[in-house]
Amino acid sequence: MAVSGRRLVQKARANVASIPAPVGGWNARDSLANMAPTDAVTLENFFPSVSNVNLRGGYTKHATGFPDDVETLMTYSGATTDELWAVSDGKFYNATAAGPIGAAAVSGLANSRWEYTNVTTAGGSYMYAANGVDKPQLYNGTTWTAIDGASSPAITGVTTTKLAHPTLFKNRMWFIEKNTLKAWYLPTSSVGGAAQSFDLSAIARLGGYLVSMASWTIDAGYGVDDNLVFVTNNGEVIVYRGTDPASVSTWALIGVWVVGSPISERCLLKYGGDLLVLTLDGLVPLASALQSSRLDPRVALSDKIQGAFAAAAAQYGNNFGWCMLYNPKNNALIVNVPVREGGQEQFVMNNITKAWCKFTGWYAFHFALLNDEPYWSGAGFVAKAWTTGTTGYIDDTNNIIGRALQAFNYFETRGVKKIFTRARPSIFSNGTPAITLGIAVDFNIADNVAPLSFTPPVVGIWDSGLWDSAIWGSDLEIQNNWQGVTGVGFCGGIQFNSSSNKLNIQWASTDVVFQLGWAGI
């Protein structure tokens, strides 16, 4: 008897597969048909940890009442105290304390886009700030001083309004002269004095101008030492080693390399013993970039999201707001992506696993740490970020919306159609967040999950709520409830959407029920 080419291969029984949550993170590099099962096509507002995928923390408005967008945050580190300073409408404000801000400490500045560094000398602990337009500002923990040739302290030998990017290197203050290939340095252990020029015009073969500089700690065969790194707008990286630029015996050029053109003036970040460079080629660790070809994208930390990173750099690369922050408390590296000026996206990497995700809902211009807590600046306020605990997991007064599309999975039966019917996420939560599951089939990445809404319960407040009447919060508890899903296809990707506030969500795994259909078409 002849057998049909579309013969049935299943016997009307349910198959169940259990898939770990996408701890591998966001994958914007590989083909949709060639991703690891623990990767995600989309991972928004969920942070991939070592064992779970967790809803990110929220934010609270920390300092309010600024006259305009807060475009710069600066952290002053004194001997006994740390302070957070914010720049808005060409004015410096102390934003350390929560609540409405006071009067501006400095005003009348040309713009609010400043770079800064901390420096300690025998005279005390200082913070230097400069923008290449105004006179540099020096803070001693009490007062700000506009630095020129007649101030106290003073910088002589250069027009100080041209100085930008203050950098501390081996007990010596350095500056970049705005829109040139020239740098300036001061005497050692000093915040003033006669500035000496250091011209890189004969070294930078691609021309252009300096955009940033930083100290870089590396062992290049001479033992661990600090190097001074200059980056031009054309992507040349010029590295020097030594102590006194005026002495040929103690100062030497290590090398000149070419990486991708840097994105923004805030393109460098100290990252452990390395230095990260934010470029059109991705987020590149300098040690790896200088040892490998620029054509090898695997050296970039952003390699796994290179498709999304390249698209963002091409589309938004000229917007103000690109910056980076290493947040050690949450083991996270944050790259602010200004979709508009006042960026509304962040690409975030787990520092342990190097897995990525994307944050939305934080409309940030700049990030900074104060006492190891992350803060970001927005439109007229400074926010404390990544808030958790009983008062966290809420964006000011708004729900946090999480979205995920896990990698498409053939469930070990390639070429066989499947009828998906149910799914059950295993989550840990301290409440009952709104969670909806769906199934995307055959590489259709459209979000087909119904919109979510969530109304937080009114919980009891200690010392005022009535026992046996008020609702009290709980510790994290496992929840694994079945939901109906609908999809017919050869492969499926789990869609996990959530809406909640003041509730922690830790996603561990998902069980999927499906029936096998028939082989072929």
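When reading the values below, keep in mind they use all heavy atoms of this one structure, side chains included, and skip hydrogens, waters and symmetry mates.
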Are any side-chain N or O atoms of Asn399 and backbone N or O atoms of Ile401, one a donor and one an acceptor, separated by less than 3.5 Å? no

May I ask you to decide if Ile147's main-chain N or O and Thr145's side chain share a donor-acceptor pair within less than 3.5 Å? no

Please assess Phe367 against Leu73 for the test side chain to side chain contact (heavy atoms under 4.5 Å, CB included), listing each intermediate value before the final yes or no. CA-CA 7 Å; Phe367 281 80; Leu73 290 178; 5.9 Å; no

Closest heavy-atom pair, Asp274 versus Pro285, reported as atoms and distance to 0.1 Å, is OD2-CB, 3.4 Å

Quick one: do Lys329 and Asp372 satisfy salt bridge (Lys or Arg N to Asp or Glu O under 4.0 Å)? Show the steps, please. CA-CA 7 Å; Lys329 185 174 180 180; Asp372 282 336; over 6 Å; no

Side chain of Ser429, backbone of Gly431: donor and acceptor closer than 3.5 Å? yes

Worked verdict on Val191 versus Leu186 for side chain to side chain contact (heavy atoms under 4.5 Å, CB included): CA-CA 7 Å; Val191 293; Leu186 300 182; 5.6 Å; no

Could you report the tightest heavy-atom contact between Leu206 and Asn234, atom names first, then the distance? O-ND2, 2.9 Å

For a quick test of reading the model, state the closest non-hydrogen atom pair linking Val50 to Asn350 and the distance between them. N-ND2, 4.4 Å

Identify which one of Phe47, Tyr393, Tyr375, Tyr59 satisfies the ring-ring contact (aromatic ring centres under 6.0 Å, His included) criterion when paired with Trp386. Phe47

Exercise: identify the closest heavy-atom pair between Leu503 and Pro433: CD1-N, 3.7 Å

If only atom types and distance count, is the side chain of Ser212 paired as donor or acceptor with the main-chain N or O of Leu268 below 3.5 Å? no

I'd like to know whether the aromatic ring centres of Trp376 and Phe381 sit less than 6.0 Å apart in this structure. yes

Can the ring centres of Phe92 and Trp114 be said to be less than 6.0 Å apart? yes

With a 4.5 Å heavy-atom cut-off, do Ile305 and Phe347 have their side chains touching? yes

Does the ring centre of Phe175 sit less than 6.0 Å away from the ring centre of Tyr128? yes

Donor-acceptor side-chain pairing of Thr188 and Asn171 below 3.5 angstrom: no

For Asn504 and Asn430, which I'm curious about, is there any donor-acceptor pair between the side chains at under 3.5 Å? no

Distance-only donor-acceptor check, side chains Thr387 and Arg56, under 3.5 Å: no

Does the Thr250 side chain pair with the main chain of Gly242, one donor and one acceptor, at a distance under 3.5 Å? no

Rounded to the nearest 0.5 Å, what separation is found between the CG atom of Leu275 and the CG atom of Leu286? 5.5 Å

Show the numbers, then the answer: is there a side-chain hydrogen bond (donor to acceptor under 3.5 Å, both in side chains) between Ser201 and Asp199? CA-CA 6 Å; Ser201 299; Asp199 196 341; 2.6 Å; yes

So with a 6.0 Å cut-off around NZ of Lys178, is the heavy-atom count from everything else above 12? yes

Any Glu115 side-chain heavy atom under 4.5 Å of Asn131 side chain: no

May I ask you to decide if Ser77's main-chain N or O and Asn118's side chain share a donor-acceptor pair within less than 3.5 Å? yes

Given 3.5 Å as the limit, does a donor-acceptor pair link the side chain of Trp144 with the main chain of Gly141, or not? no

Ring centers of Tyr93, Phe66 separated by less than 6.0 Å: yes

Closest non-hydrogen atom pair, Ser498 against Leu55: OG-CD1, 4.3 Å

Spell out, as yes or no, whether a donor-acceptor pair under 3.5 Å connects the side chain of Ser49 to the backbone of Asn52. yes

Side chains of Leu280 and Ile263: does their closest heavy-atom pair fall under 4.5 Å? yes

Between Trp184 and Glu177, do the side chains contain an N or O donor and an N or O acceptor separated by less than 3.5 Å? yes

Any chance you could lay out the side chain to side chain contact (heavy atoms under 4.5 Å, CB included) test for Val335 and Gln346, step after step, and finish with the verdict? CA-CA 5 Å; Val335 179; Gln346 292 77 39; over 6 Å; no

Assess the residue pair Ile505 and Asn54 against the criterion (side chain to side chain contact (heavy atoms under 4.5 Å, CB included)); give the C-alpha distance rounded to whole Å, side-chain angles, the decisive distance to 0.1 Å, and a yes or no. CA-CA 6 Å; Ile505 301 174; Asn54 303 327; over 6 Å; no

Do Tyr240 and Trp216 make the cut of ring centroids closer than 6.0 angstrom? no

Under a 3.5 Å cutoff, is there a donor and acceptor pairing between the side chains of Glu44 and Thr360? yes

Going by atom types only, do Trp362 and Asn336 share a side-chain donor-acceptor pair under 3.5 Å? no

Considering non-hydrogen atoms only, spot the tightest contact between Ala86 and Val70 and give its length. CB-CG1, 3.6 Å

Rounded distance [0.5 Å steps], CD1 in Ile101 versus NE2 in His62: 11.5 Å

Asn94 and Thr96 side chains, donor-acceptor separation under 3.5 Å: yes

Hey, which of Leu325, Leu283, Asn351 is the one that makes side-chain contact (heavy atoms from CB on, under 4.5 Å) with Leu333? Leu283

Ring centers of Phe198, Trp174 separated by less than 6.0 Å: yes

With a 3.5 Å cut-off and no angle check, do the side chains of Tyr316 and Glu345 form a donor-acceptor pair? no

For Tyr209, look at atom OH and say whether over 12 heavy atoms of other residues, nucleotides or ligands are found less than 6.0 Å away. no

Worked check of side-chain hydrogen bond (donor to acceptor under 3.5 Å, both in side chains) between Thr217 and Asp226: CA-CA 4 Å; Thr217 305; Asp226 286 339; 2.6 Å; yes

Under the side-chain hydrogen bond (donor to acceptor under 3.5 Å, both in side chains) rule, what do Asn398 and Asn501 come out as? Steps first, then yes or no, please. CA-CA 7 Å; Asn398 300 317; Asn501 70 49; over 6 Å; no

Set out, in order, the CA-CA distance, both residues' side-chain angles and the distance that settles side-chain hydrogen bond (donor to acceptor under 3.5 Å, both in side chains) for Thr159 and Thr161, then state yes or no. CA-CA 6 Å; Thr159 303; Thr161 54; 5.7 Å; no

Is there side-chain contact between Met173 and Pro166, with at least one heavy-atom pair below 4.5 Å? yes

